[in-house]
Amino acid sequence: MHRSIKIKYILLSGIALFLTSCGGEKDKTTAKTADTPIYTLVFLDKTQSVNVNKAYVNEKYRQTLTDIMENNMKNKGDKLEVYFIHENTSKARALSLTIRSEKEVNESANATDREAIETAFQLSLQREKSIYLRQLLLKLNQQNTGSSNQSTDIWASLPVIAKAGESGAQVSVYYFSDMIESVKGADRRDFHKQPPVSDAQAEDEAKSDVKKLEQYAIGSPQVTIVSPFEATASSKENNPHVTHYWQTLFQELGGVSVDEL
């Protein structure tokens, strides 16, 4: 009888130890995810088709950039880069910002000291973010009057995304654009001249283009399109099939879903 109880005790102890171990691994995974830096890529359309001087566009874009700065730049190592979308997108890095504020680590600190450490970190972080936001908004309003505003090379953003993914950070991508790819060339898309007229055509074109672009291992970034169109815009102005093209392209490239703002 006593032996039976002892065996049950050993079995239960072993199960408890196993569950504790599993829980510990889960906690480590969660902690690792929480500690992973955020690498934010902002692509600002600087071509003729997007006018950031329009009140609606400027207000929407300013607010979204403010939200990105607040939500994505929280810890030391979080990074934000701005690229201008135009004829030479992949070479058009306009801004690179990295959070340097660091929270002091003191395991033996009491509650009062921990609160003081947190307050000091938040003050430093907010000062840094305030400076960065001003720089970011200046880039939003910077005009492109050169000849590069004649072309919109969004494909060229893909090697930039792939490079960011190599850092091991959590990559978040924002396109402030109408997403009208427009590049001259036999193997390129010019949606100004020949936009897709149906979802089926958009899918066919995207799947065909993936063959040319799959060399870029973009990983699994979070992708958001921040469109310049008001809710009342006509389908002629805001072509839903163009959006479907990009949704299909990113899905085919890496199983990436595309959000819209």
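- Between Leu249 and Leu213, the closest heavy-atom pair is CD1-CD1, 4.0 Å.
- The two residues Tyr132 and Thr98 come nearest to each other via the heavy atoms OH-O, 2.7 Å.
- Judged purely by atom type and a 3.5 angstrom limit, Asn239 has no side-chain atom pairing as donor or acceptor with the backbone of Lys236.
- To the nearest 0.5 Å, atoms CG (Asp153) and CD1 (Ile85) are separated by 9.5 Å.
- Distance alone, capped at 3.5 Å, is enough to place a donor-acceptor pair between the Asn71 side chain and the Asp67 backbone.
- Tyr245 has its ring centre less than 6.0 Å from the ring centre of Phe191.
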Quick one: do Gln122 and Glu118 satisfy side chain to side chain donor-acceptor pair (under 3.5 Å)? Show the steps, please. CA-CA 6 Å; Gln122 289 300 331; Glu118 179 65 28; 2.9 Å; yes
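- Side-chain N or O atoms of Lys129 include none that pairs as donor or acceptor with a backbone N or O of Ser124 at under 3.5 Å.
- Contact check for Lys207 versus Asp209: no side-chain heavy atoms found under the 4.5 Å cut-off.
- Salt bridge Glu166/Lys163: present, at least one basic N to carboxylate O contact under 4.0 Å.
- In the hydrophobic cluster analysis, where Ile, Leu, Val, Met, Phe, Trp and Tyr join through side-chain heavy atoms closer than 4.5 angstrom, Leu80 is grouped apart from Val171.
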Run the side-chain contact (heavy atoms from CB on, under 4.5 Å) check on Glu237 and Phe229 step by step: do they pass? CA-CA 8 Å; Glu237 182 182 9; Phe229 304 114; 3.7 Å; yes
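- Checking Asp45 against Thr47 by side-chain atom types alone, a donor-acceptor pair falls below 3.5 Å.
- Between the CD atom of Glu181 and the CG atom of Asp190 there is a distance of 9.0 Å, given to the nearest 0.5 Å.
- Taken together through direct or relayed side-chain contacts under 4.5 Å among Ile, Leu, Val, Met, Phe, Trp and Tyr, Val173 and Met73 form parts of separate hydrophobic clusters.
- Considering only heavy atoms from C-beta on, His192 comes within 4.5 Å of Ser49 through its side chain.
- No more than 12 heavy-atom neighbours from other residues, nucleotides or ligands sit within 6.0 angstrom of CD on Glu59.
- Within the 3.5 Å criterion, the main-chain N or O of Val183 finds no donor-acceptor partner in the side chain of Arg188.
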Please evaluate residues Thr224 and Val258 with respect to the criterion side-chain contact (heavy atoms from CB on, under 4.5 Å), reporting the C-alpha separation (whole Å), side-chain torsions for both, the decisive distance (0.1 Å), and the verdict. CA-CA 6 Å; Thr224 303; Val258 177; over 6 Å; no
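- With hydrogens and angles ignored, the 3.5 Å screen pairs no side-chain donor or acceptor of Lys184 with any backbone N or O of Arg189.
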Can you list the steps and then say if Gln142 with Lys139 is a side-chain contact (heavy atoms from CB on, under 4.5 Å)? CA-CA 5 Å; Gln142 185 174 321; Lys139 293 302 177 184; 3.3 Å; yes
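- At least one donor-acceptor pair under 3.5 Å links the side chain of Glu128 to the backbone N or O of Arg100.
- Lys212 NZ to Leu158 CG: the interatomic distance, rounded to the nearest 0.5 Å, is 12.5 Å.
- The closest donor-acceptor contact from the side chain of Gln201 to the backbone of Val197 lies under 3.5 Å.
- The closest side-chain heavy-atom distance from Ile218 to Val223 is not below 4.5 Å.
- By the criterion of side-chain heavy atoms lying less than 4.5 angstrom apart, applied directly or through intervening Ile, Leu, Val, Met, Phe, Trp or Tyr residues, Tyr39 is not grouped with Leu97; the two fall into different hydrophobic clusters.
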Let me see the working for Thr152 and His86 under side-chain contact (heavy atoms from CB on, under 4.5 Å), right down to the final yes or no. CA-CA 5 Å; Thr152 308; His86 51 48; over 6 Å; no
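- Clustering ILVMFWY residues whenever any of their side-chain heavy atoms sit less than 4.5 angstrom apart, transitively, puts Tyr83 in the very cluster that holds Ile180.
- Taking 4.5 Å as the limit, some side-chain heavy atom of Arg134 sits within range of a side-chain heavy atom of Ser130.
- The shortest side-chain heavy-atom distance between Glu81 and Val42 does not fall under the 4.5 Å cut-off.
- Here CD of Gln247 is found 9.0 Å from CG of Asp259. Values are rounded to the nearest 0.5 Å.
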Before giving the answer on side chain to side chain donor-acceptor pair (under 3.5 Å), spell out for Thr248 and Glu203 the whole-Å C-alpha distance, their side-chain angles and the decisive distance to 0.1 Å. CA-CA 6 Å; Thr248 304; Glu203 285 185 24; 4.8 Å; no
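- Note: Phe176 and Tyr61 have perpendicular aromatic rings, judged against thresholds of 30 and 60 degrees for the angle between ring planes.
- Without hydrogens or angle criteria, Lys60 side chain to Leu261 main chain gives a donor-acceptor distance under 3.5 Å.
- Counting all heavy atoms, side chain and backbone alike, Pro228 lies closest to Val57 at O-CG2, 3.5 Å.
- Side-chain atoms of Asp178 do not come within 3.5 Å of backbone N or O of Ser227 as any donor-acceptor pair.
- Looking at Asn58 and Asn51, their side chains never bring a donor and an acceptor atom within 3.5 Å of each other.
- His241 approaches Ala202 most closely through the heavy-atom pair O-CB, 3.3 Å.
- Of the inter-residue distances, the one linking Phe84 atom CZ with Lys46 atom NZ reads 4.5 Å to the nearest 0.5 angstrom.
- Of all non-hydrogen atoms in Ala109 and Asp113, the two that sit nearest each other are CB-CB, 3.8 Å.
- Trp155 has its side chain out of reach of Thr89: every pair of non-hydrogen atoms, C-beta onward, lies at least 4.5 Å apart.
- Val256 and Tyr174 fall into different hydrophobic clusters, defined by Ile, Leu, Val, Met, Phe, Trp and Tyr side-chain heavy atoms under 4.5 Å apart, directly or through other members.
- In this structure, OG on Ser101 lies 11.0 Å from CG on Asp78, to the nearest 0.5 angstrom.
- For the pair Asn72 (side chain) and Thr40 (backbone), a donor-acceptor distance under 3.5 Å is absent.
- Side-chain atoms of Thr36 and Gln170 include no donor-acceptor pair closer than 3.5 Å.
- The two atoms that bring Pro37 and Gly77 nearest to each other are CB-O, 3.9 Å, heavy atoms only.
- Two residues are said to be in side-chain contact when any heavy atoms from C-beta on lie closer than 4.5 Å; Leu133 and Thr66 meet this criterion.
- Side-chain atoms of Ser177 and Phe43, non-hydrogen and from C-beta on, never get closer than 4.5 Å to each other.
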